[in-house]
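Each chain gets a letter, A, B and so on, in the order its sequence line appears, and its residues count up from 1.
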Protein chains: 2
Amino acid sequence: MRASKRDELVREALGIFYREGFHATGMDRLAAETGISKTTMFKHFHSKEELILAVLRLRDQNFRNWLFRRMEEAGAPRAQLSAMFDALAEWFAEPGFRSCMFIKAASEYPDPHHPIHTQAAEHKRLLFLQLQKIAADAGAQDPAALARALLLLKEGAIVTAHLGHEADPAGDAKAAAEKVISAALDHPQA
Amino acid sequence: MRASKRDELVREALGIFYREGFHATGMDRLAAETGISKTTMFKHFHSKEELILAVLRLRDQNFRNWLFRRMEEAGAPRAQLSAMFDALAEWFAEPGFRSCMFIKAASEYPDPHHPIHTQAAEHKRLLFLQLQKIAADAGAQDPAALARALLLLKEGAIVTAHLGHEADPAGDAKAAAEKVISAALDHPQA
DNA sequence: CTCAAGGTGAACAGATCGGTACATATTGGA
DNA sequence: TCCAATATGTACCGATCTGTTCACCTTGAG
């Protein structure tokens, strides 16, 4: 049972911050909703900021594990790349979907030097690295460029799914991605 | 000088909310930084939420005017479409760039039914309508689909410019956009 | 049994939150 | 000159914010 309350707190805080926002969620409310006493919360994390950083670390692991596992199920590297957008479609369809936790974190802590902002940026960097690797396996001539293009579409789809009126942003992104992927794989421009 | 203080307040609040965030900026601080008394602020806007809505309306006008004017300078409709990403590049290069005000608003007010959230969504809808029109003028067979794809790239570029480590998200988006545009215009799939 | 680690509840601190009350200027037109 | 509109400063309200203090409870290992 070592540090079980700590993990429980991080797990529950993740859901509440995601639904309500960071500034909008006070530590008192967090204590009330999780059933964990404020005393304990501040024993594990010396500040709200530390708790948020822990939440973001957990979210980073959860999300990357989920996404890349879904992608691996598609088989060949090239299929994995477009399968990313099928996974996104599933995510968007979940009733509790409220955009990307890291985009939200960066929005609420806009200063690029703020620890929370840099931690959110780190998530995007790790996503890029894994995607770049798959792009290389798929035979892309410029894996980094392909990974960047696909990430643009992914972020755009997330924002649009949360903010727009569009019916199927993930489908739109997938359609655009297919063109970008085949341009990068089928017609190596050299 | 009718209602000049009101406009001045909205204009200054726009900058402060954009830099600091909505929840993070209190009405007291707003009064202190703008030099406008709290009494006056609450005479013009009965709540912080009303002020934020006014700020978003102003931002919507400013941004759309700026963007579409920049695009029109490019001449022909097709050139306008890719010129959007040149305009974005200029924006990202500004020292004060901190992502899109509407993405931030939606992040801080994640409930899709919240007035601030819906107002932010309205901005994206207006962007879509204008872009769709240009896509139609450019001869796209499915202007709505092309507009959606380009908006995905635009939102993705904004998020990445704010959150990522990438050197030139606008350039990446433009490159991807060129492929999508030519697929939609040069090879009508029918 | 004992003792330390981890958890609890409740009260508290000082600051800030959104928002109001009230009495006092300043100003431009009739 | 007088009035109405607009703005001001200051103090205040109750609630909530992050964070602390302290005395007490539970539990498992030696």
Going 5' to 3' through nucleotides 16-29 of chain C, assign each nucleotide B (protein heavy atom under 4.0 Å from a base atom), S (under 4.0 Å only from sugar-phosphate atoms) or - (no protein heavy atom that close). -SSBBBB-------
B:Phe63 ring center within less than 6.0 Å of B:Trp91 ring center: yes
Are B:His117 and B:Asp111 packed together at the side-chain level, in the sense that at least one heavy-atom pair is separated by less than 4.5 angstrom? no
B:Tyr109 side chain near B:Ile52 side chain, heavy-atom distance below 4.5 Å: yes
Rounded to whole Å, the CG-C1' distance (A:Leu30 to C:dT8) equals 17 Å
Would B:Lys133 and B:Asp137 pass as an ion pair if we require N to O under 4.0 Å? yes
Among B:Glu50, B:His44, B:Glu49, which residue satisfies the side chain to side chain donor-acceptor pair (under 3.5 Å) criterion with B:His46? B:Glu50
d(CE, B:Met41; P, D:dT10) in whole Å: 17 Å
If I take atom CG in residue A:Leu9 and atom C1' in nucleotide C:dT8, what distance separates them, rounded to the nearest angstrom? 15 Å
Please state whether the phosphate of C:dT8, meaning OP1 or OP2, lies under 4.0 angstrom from any side-chain nitrogen or oxygen of A:Thr40. yes
Grab the CD1-C1' distance between A:Ile36 and C:dT8 for me, whole Å please. 12 Å
Distance, rounded to the nearest Å, where A:Phe45 contributes CZ and D:dT20 contributes P: 15 Å
Residues A:Glu155, A:Lys124: salt bridge by 4.0 Å N-O rule: yes
To the nearest angstrom, the NZ-C1' distance between A:Lys5 and C:dA5 comes to 15 Å
